[in-house]
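Structure record follows, encoded as structure tokens.
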Amino acid sequence: MDKCHCGAEPSVFLNYSNAHLCQQHFIHMFDKRFRATVRNNQMIKKNDRVAIGLSGGKDSMVLLHSLAELKKDLPFELVAITIDEGIKGYREKTIKVAKAECVKLGVEHFVFSYEKEAGKTMDEIVSDNSEDIPCSHCGVMRRYLLNRSAREVNATKMATGHNLDDMAQTIMMNIMRNEPARLARLNEPMLKDAKFVQRIRPLMVTPEREVAIYAIMKDIELERMECPYARFAFRGHIRKMINEAEEKYPGTKFKIVNSLLEMEDALRAKYSKGAVLSACEKCGEPSSSNLCMYCKTVKFVNRKLV
Ligand code: SF4
């Protein structure tokens with residue numbers, strides 16, 4: 001049987017690099033890659049105030065732990081923000097886990113809810129708009145509230161737990177929906193605005209499977225439950241398709257993300273031409289039209305139903 005390079009029994013096999021690793025060397029590789037991603041992409045600078053988008057699921061909980069560890073060597077502040085969409089039987093459980101972990105690690109934790117900010121819970125939005133895919137409304141609202149709340153807690157960076165699989169799925173979704181302009185602004189907004197808090201994704205080159213293995217090995221508390229509305233999402237089909245490709249052709253996920261990084265400058269050059277940013281006439285946040293996507297969504301979901 002193949003062994004880890006140290007001679008120990010392996011715990012993990014990484015098929016894209018044909019490496020067998022014992023627990024100790026898997027954790028070492030994971031931490032090293034995490035720090036290299038932060039360093040090579042200049043994600044966090046000394047004295048930054050980093051707000052982590054903390055859902056309570058495995059990705060954000062592993063990110064919380066890895067950032068708390070990094071903080072021991074690099075002086076920066078860490079706070080956590082949870083967006084409560086108002087999904088009964090799901091979100092209250094993840095908030096409980098997120099809160100408890102923040103207390104344990106001494107990280108200040110803030111919760112912002114759709115109900116308070118947008119006037120409706122996600123459950124109410126779904127029941128009023130049963131023909132729509134819930135995630136299309138939810139995604140717009142969460143992205144907006146994360147950015148605005150990060151600013152409200154004086155964060156200089158907004159860290160999210162997106163992993164390699166999430167990145168590969170988002171890229172393929174935008175290609176299959178013929179939305180290359182969205183690809184161009186995947187890593188940063190097309191135009192700069194002081195109201196955009198810079199987003200960072202320190203797990204962007206870490207496969208989802210490895211995040212899950214790391215969480216188990218490090219005994220990190222997390223909530224494994226999935227959002228009940230996730231089954232409606234287009235993302236589910238893409239995930240299945242990419243996972244099948246990865247199984248047959250190891251390294252596919254890395255290649256999808258690397259392809260975008262190669263094309264990014266050309267895409268940004270093409271789609272930045274003529275792009276304009278003004279303030280949304282309702283909320284004042286940066287927007288490319290009179291009303292930003294969030295205000296349009298909130299207006300739609302609060303419309304009078306006959
Ligand atoms: Fe929102 Fe969809 Fe995610 Fe559920 S799966 S939290 S509805 S975006």
Side-chain angles (χ1 to χ4, degrees), residues 37-38 40-45 48 50-53 59-60 63 81 83 133 135-151 155-206 233-235 238-239 242 253-298:
T37 308
V38 170
N40 297 343
N41 296 286
Q42 298 176 352
M43 289 181 176
I44 301 175
K45 294 202 184 89
D48 260 337
V50 179
I52 168 174
D59 302 304
S60 62
L63 179 61
I81 294 173
I83 302 294
I133 294 174
C135 304
S136 50
H137 300 308
C138 189
V140 169
M141 291 164 69
R142 178 156 10 79
R143 265 193 305 279
Y144 173 97
L145 287 178
L146 270 178
N147 182 69
R148 206 188 67 192
S149 50
R151 225 176 47 233
T156 53
K157 302 278 166 63
M158 173 83 233
T160 60
H162 293 102
N163 57 46
L164 178 76
D165 294 49
D166 298 323
M167 298 298 290
Q169 289 155 16
T170 304
I171 293 165
M172 288 309 290
M173 281 163 68
N174 286 323
I175 290 172
M176 289 171 78
R177 286 175 169 154
N178 191 23
E179 292 187 314
R182 279 178 182 268
L183 277 182
R185 54 176 195 264
L186 186 65
N187 280 323
E188 58 176 308
M190 199 58 86
L191 299 173
K192 288 204 184 312
D193 189 293
K195 287 189 168 176
F196 285 136
V197 178
Q198 189 187 336
R199 273 176 297 166
I200 56 169
R201 300 181 180 101
L203 295 173
M204 62 185 269
V205 290
T206 299
F234 180 43
R235 186 176 285 275
I238 305 292
R239 175 186 291 130
I242 298 177
K253 293 171 188 173
F254 283 107
K255 287 172 190 163
I256 294 172
V257 173
N258 284 340
S259 295
L260 173 71
L261 297 177
E262 282 294 320
M263 293 185 292
E264 202 173 25
D265 287 348
L267 283 170
R268 289 184 68 80
K270 178 173 163 82
Y271 290 101
S272 61
K273 279 189 198 130
V276 283
L277 206 55
S278 53
C280 169
E281 60 189 27
K282 185 150 194 328
C283 69
E285 292 292 306
S287 170
S288 52
S289 56
N290 295 354
L291 214 53
C292 71
M293 279 304 289
Y294 173 80
C295 288
K296 281 180 192 163
T297 303
V298 170

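In this text the structure is predicted, and so the values were computed from the model without any measurement.
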| task | Verify, without hydrogens or angle tests, whether R151 (side chain) and K195 (backbone) share a donor-acceptor contact under 3.5 angstrom. | result | yes
Using a 4.5 Å cut-off on heavy atoms from C-beta on, say whether the side chain of [Y] contacts that of [X].
X	Y	result
Y294	L145	yes
R199	E188	no
F234	M173	yes
M43	V50	no
L291	E281	yes
I242	D165	no
N147	E285	yes
V298	Y144	no

Determine the minimum heavy-atom distance between [X] and [Y], stating which atoms define it.
X	Y	answer
M158	G53	CE-N, 3.3 Å
R268	A184	NH1-O, 3.0 Å
S60	I52	O-CD1, 3.5 Å
I171	L183	CA-CD2, 3.7 Å
A168	V257	N-CG2, 3.9 Å
A51	I81	CB-CD1, 3.9 Å

Do other residues, nucleotides or ligands put more than 12 heavy atoms under 6.0 Å from the [atom1] atom of [X]?
X	atom1	result
M176	CE	no
M190	CE	yes
K282	NZ	no

Between [atom1] on residue [X] and [atom2] on residue [Y], distance to nearest 0.5 Å:
X	Y	atom1	atom2	answer
L164	M204	CG	CE	9.0 Å
D193	S278	CG	OG	9.5 Å
L260	T170	CG	OG1	10.0 Å
L63	L203	CG	CG	5.0 Å
R182	I175	CZ	CD1	14.0 Å
R142	S149	CZ	OG	11.5 Å

| task | Determine, step by step, whether C283 and R148 satisfy the side chain to side chain contact (heavy atoms under 4.5 Å, CB included) criterion, reporting the C-alpha distance in whole Å, the side-chain angles of both residues, the deciding distance to 0.1 Å, and the verdict. | result | CA-CA 11 Å; C283 69; R148 206 188 67 192; 5.8 Å; no
| task | Test side chain to side chain contact (heavy atoms under 4.5 Å, CB included) on I200 and N41 and set out the steps. | result | CA-CA 9 Å; I200 56 169; N41 296 286; over 6 Å; no
| field | Pair R201-N187, side-chain donor/acceptor within less than 3.5 Å | value | yes
| message | Between T156 and D48, is there a side-chain donor-acceptor contact under 3.5 Å, judged purely by atom types and distance? | response | yes
| said: Apply side chain to side chain contact (heavy atoms under 4.5 Å, CB included) to residues S288 and L191 and explain how you reach the verdict. | reply: CA-CA 10 Å; S288 52; L191 299 173; over 6 Å; no
